[in-house]
Amino acid sequence: MTHPRTCLAIGLACLVAVAAVHGQNRQPPDPMKAISGTFTSVHKNILDMAEDFPAEKYGFKPKPEMRSFGEVIVHVFSGTTYAAKAGKGEAAQWTELDPKNYKDKAAVVAGLKKAIADADASMKATPATRFAASPEPWLSVIEHSAEHYGLLVAYYRLNGLVPPASRPKK
């Protein structure tokens with residue numbers, strides 16, 4: 001009779017062998033597709049929030065020293081604007097756009113849409129080999145935008161609202 005530990009060891013060895021063979025057949029993800037997909041996803045979520053959040057609450061700040069909801073959106077697309085320029089090879093600085101130049105919700109949403117469209121066009125014009133060599137500026141901007149997406153979720157919750165991505169699908 002075979003000992004239970006021996007059966008377990010043989011079973012685990014078979015699983016490892018199958019996993020190794022299966023892993024060899026898988027192609028690594030294409031860096032350009034992975035980065036552009038993540039970039040699109042995080043910015044879609046932020047745009048959905050910008051369009052959904054009530055206009056009368058765009059000035060909401062959790063604390064006086066914090067940015068308002070609208071100011072956070074402008075801050076996010078400051079980074080997205082940088083990515084669009086740097087992605088095209090322009091000498092760009094990640095400078096803060098002035099929220100005062102965006103007078104209301106409509107202006108903020110329009111600014112965000114433009115920044116996303118510019119960055120998307122820049123990304124599509126970037127050769128895939130460049131993504132393989134370096135994921136910048138895209139990776140830094142994805143991280144930045146995702147951090148602020150989390151912050152914007154808190155703004156929603158503090159206002160008794162459910163963020164668009166957290167709502168039940170219809």
Side-chain angles (χ1 to χ4, degrees), residues 29-126 128 130-170:
D30 175 79
M32 183 176 185
K33 285 182 184 175
I35 291 170
S36 66
T38 303
F39 185 91
T40 298
S41 176
V42 73
H43 287 94
K44 180 198 176 305
N45 285 339
I46 293 170
L47 179 58
D48 288 349
M49 290 174 132
E51 292 175 328
D52 178 73
F53 204 71
E56 67 275 7
K57 294 186 179 281
Y58 255 60
F60 170 76
K61 295 179 177 187
K63 294 180 74 177
E65 64 272 16
M66 293 177 72
R67 292 181 179 108
S68 70
F69 181 89
E71 290 168 339
V72 172
I73 298 291
V74 173
H75 175 74
V76 167
F77 74 77
S78 293
T80 309
T81 300
Y82 163 78
K85 292 177 181 177
K88 290 188 282 188
E90 294 178 17
Q93 296 294 316
W94 191 321
T95 55
E96 192 72 23
L97 297 174
D98 189 348
K100 291 180 182 86
N101 293 331
Y102 302 88
K103 301 295 181 199
D104 56 16
K105 175 181 175 175
V108 171
V109 169
L112 177 59
K113 284 182 176 180
K114 181 183 180 329
I116 292 170
D118 290 349
D120 188 50
S122 176
M123 193 178 311
K124 285 179 179 165
T126 302
R130 179 158 173 243
F131 279 94
S134 173
E136 294 303 332
W138 311 109
L139 202 55
S140 294
V141 172
I142 289 168
E143 179 184 15
H144 176 257
S145 296
E147 288 170 354
H148 287 292
Y149 171 77
L151 177 63
L152 292 169
V153 168
Y155 281 54
Y156 261 79
R157 299 296 184 178
L158 288 168
N159 280 280
L161 302 170
V162 178
S166 298
R167 295 177 191 157
K169 304 297 180 228
K170 294 180 184 176

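Numbers here are sequence positions counted from 1.
A salt bridge between D48 and R167 is absent, with no side-chain N of the basic residue lying under 4.0 Å from a carboxylate O of the acidic one.
At distances below 3.5 Å, at least one donor-acceptor pair connects side-chain atoms of K105 with backbone N or O atoms of E51. With S166 contributing its side chain and V162 its backbone, the two residues share no donor-acceptor pair below 3.5 Å.
The shortest side-chain heavy-atom distance between V109 and L47 falls under the 4.5 Å cut-off. Using a 4.5 Å heavy-atom threshold, the side chains of V108 and F69 count as separate.
Residue Y155 holds its OH atom at 4.5 Å from CG of L151, rounded to the nearest 0.5 Å.
Residues satisfying the salt bridge (charged side-chain N to carboxylate O under 4.0 Å, His left out) test with K88, not counting sequence neighbours, are E90. By the side-chain contact (heavy atoms from CB on, under 4.5 Å) test, D104 pairs with A106, A107, sequence neighbours left out. Considering only residues two or more places apart in sequence or on other chains, I142 meets the side-chain contact (heavy atoms from CB on, under 4.5 Å) condition with I35, T38, F39. A search for side-chain contact (heavy atoms from CB on, under 4.5 Å) contacts involving K33 returns D30, not counting sequence neighbours.
Scanning all heavy atoms of the two residues, the minimum distance from M49 to P163 falls at CE-CB, 3.9 Å. The two atoms that bring P99 and E71 nearest to each other are CB-CG, 3.7 Å, heavy atoms only. Between A119 and W138, the shortest heavy-atom distance links the atoms O-CH2, 3.5 Å.
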Using atom types as modelled, flag every donor-acceptor pair under 3.5 Å from a side chain in residues 73-83 to any protein atom, sequence neighbours excluded.
unit_1, atom_1, unit_2, atom_2, d
H75, ND1, R67, NH2, 3.2
H75, ND1, E96, OE1, 2.9
H75, ND1, E96, OE2, 2.8
H75, NE2, H144, NE2, 2.9
H75, NE2, H148, NE2, 3.2
S78, OG, V74, O, 3.0
S78, OG, L97, N, 2.9
T80, OG1, H43, NE2, 3.1
T80, OG1, V76, O, 3.3
T81, OG1, F77, O, 2.7

Atom pairs and distances, donor-acceptor, side-chain atoms in residues 54-64, under 3.5 Å, two or more places apart:
unit_1, atom_1, unit_2, atom_2, d
K57, NZ, N159, OD1, 3.3
Y58, OH, A50, O, 2.5
K63, NZ, E65, OE2, 3.3

